[in-house]
Amino acid sequence: MIREIVVYPDKRLKLISKEVESFDGALHDLLDDMYETMCAKNGVGLAAIQVGVDLRALIINIPLENEDGEHDQPKENTLEMINPVIIEKDGSTKFQEGCLSIPGVYEDVERAKHVKVEYFDRDGNKQVIEDNDFLAIAMQHEMDHLDGKVFIEKLSYIKRKKFEKEWKKRLKEL
Ligand code: CO
């Protein structure tokens, strides 16, 4: 089921999400719905709070190009991370990010180049993943959502002011 995306500056995006305690059917439904919602909106990642659920759960699915040159995000490629924690990070890199909660806005953001993350899968098994490419950035972006942060908070004061002014206009048009 496609769920409604929470759009900035909705106050729910500021919530610190709670740890998941039961890896049950309700969690699986949430993750399945998040996948459908993300695909419907052409996103590469989504945190639970972006569909209004304040649980420490996120998904990432980096599109592959299929034989016809179309972007494909098969469900089995979805990385589902529950209660993720960064256990190592180093380096720095800049990348143009976007967010389904702030549609149409893309800005350069600086983040760690390499991260190692410990998390649980949907069945409650502990996993570890590390990356120093786009996935590392996506994990940091989505994990920020679990702590009530969105990427535009990382912009300079001037860029942030410009964004807020333009966003107010955009919201009136939506
Ligand atoms: Co986002």
Side-chain angles (χ1 to χ4, degrees), residues 1-20 27 30-64 71 73 75 77-86 89 92-115 117 119-120 122 129 131-156 159-171 173-174:
M1 190 184 78
I2 294 171
R3 301 198 191 189
E4 198 175 320
I5 300 245
V6 173
V7 173
Y8 182 86
D10 191 304
K11 284 192 174 67
R12 287 174 288 176
L13 292 172
K14 286 192 162 293
L15 289 173
I16 310 281
S17 291
K18 301 181 196 91
E19 298 260 319
V20 170
L27 176 69
L30 170 67
L31 292 166
D32 292 343
D33 286 356
M34 284 167 64
Y35 170 75
E36 275 189 53
T37 307
M38 180 187 72
C39 290
K41 304 282 180 187
N42 297 313
V44 299
L46 194 67
I49 194 59
Q50 292 182 274
V51 292
V53 179
D54 60 338
L55 285 175
R56 303 187 81 80
L58 64 88
I59 61 166
I60 295 170
N61 189 320
I62 295 167
L64 303 168
H71 280 178
Q73 288 176 293
K75 182 139 200 280
N77 286 0
T78 307
L79 177 63
E80 299 175 333
M81 309 180 91
I82 317 300
N83 302 340
V85 179
I86 293 177
K89 68 171 173 179
S92 92
T93 187
K94 233 183 213 177
F95 193 84
Q96 195 178 59
E97 297 186 16
C99 181
L100 290 180
S101 292
I102 315 172
V105 175
Y106 302 92
E107 293 284 354
D108 277 346
V109 174
E110 201 170 323
R111 298 198 185 267
K113 168 88 177 136
H114 163 255
V115 289
V117 181
Y119 66 99
F120 294 87
R122 63 160 62 202
I129 191 167
D131 191 65
N132 57 12
D133 208 336
F134 180 57
L135 177 60
I137 291 161
M139 290 194 290
Q140 292 173 79
H141 175 115
E142 300 309 331
M143 286 177 72
D144 269 359
H145 279 299
L146 308 184
D147 290 323
K149 290 183 238 161
V150 287
F151 78 104
I152 44 132
E153 287 169 46
K154 291 184 162 283
L155 300 181
S156 68
K159 278 194 169 173
R160 176 72 186 269
K161 277 198 95 168
K162 189 164 167 266
F163 159 77
E164 292 292 348
K165 204 174 153 191
E166 286 169 1
W167 189 249
K168 255 182 212 148
K169 262 191 244 165
R170 274 282 310 280
L171 281 179
E173 290 161 9
L174 286 178

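Remember, predicted model here, so these are calculated numbers, not experimental data. Numbering of ligands and ligand atoms starts at 1, following listing order.
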Subject >> Non-hydrogen side-chain atoms of Thr78 and Leu31 separated by less than 4.5 Å >> reply: no

**OP:** Give a yes or no on whether a salt bridge exists between Arg122 and Asp32, defined as a side-chain N under 4.0 angstrom from a carboxylate O.
**Re:** yes

Original post:
How about Glu4: does its CD atom have over 12 heavy atoms from other parts shown lying under 6.0 Å from it?
Top reply: no

Original post:
Mind checking whether Phe151 and Glu107 have side chains closer than 4.5 Å, heavy atoms only?
Top reply: yes

Original post:
Near the Co ion (ligand 1), meaning under 2.8 Å, how many protein N/O/S atoms are there?
Top reply: 3

Original post:
Just how far is it from atom CD1 of Ile137 to atom NE2 of His141, taken to the nearest 0.5 Å?
Top reply: 11.5 Å

**OP:** Could you tell me whether the side chain of Trp167 reaches within less than 4.5 Å of the side chain of Ile152, counting heavy atoms only?
**Re:** no

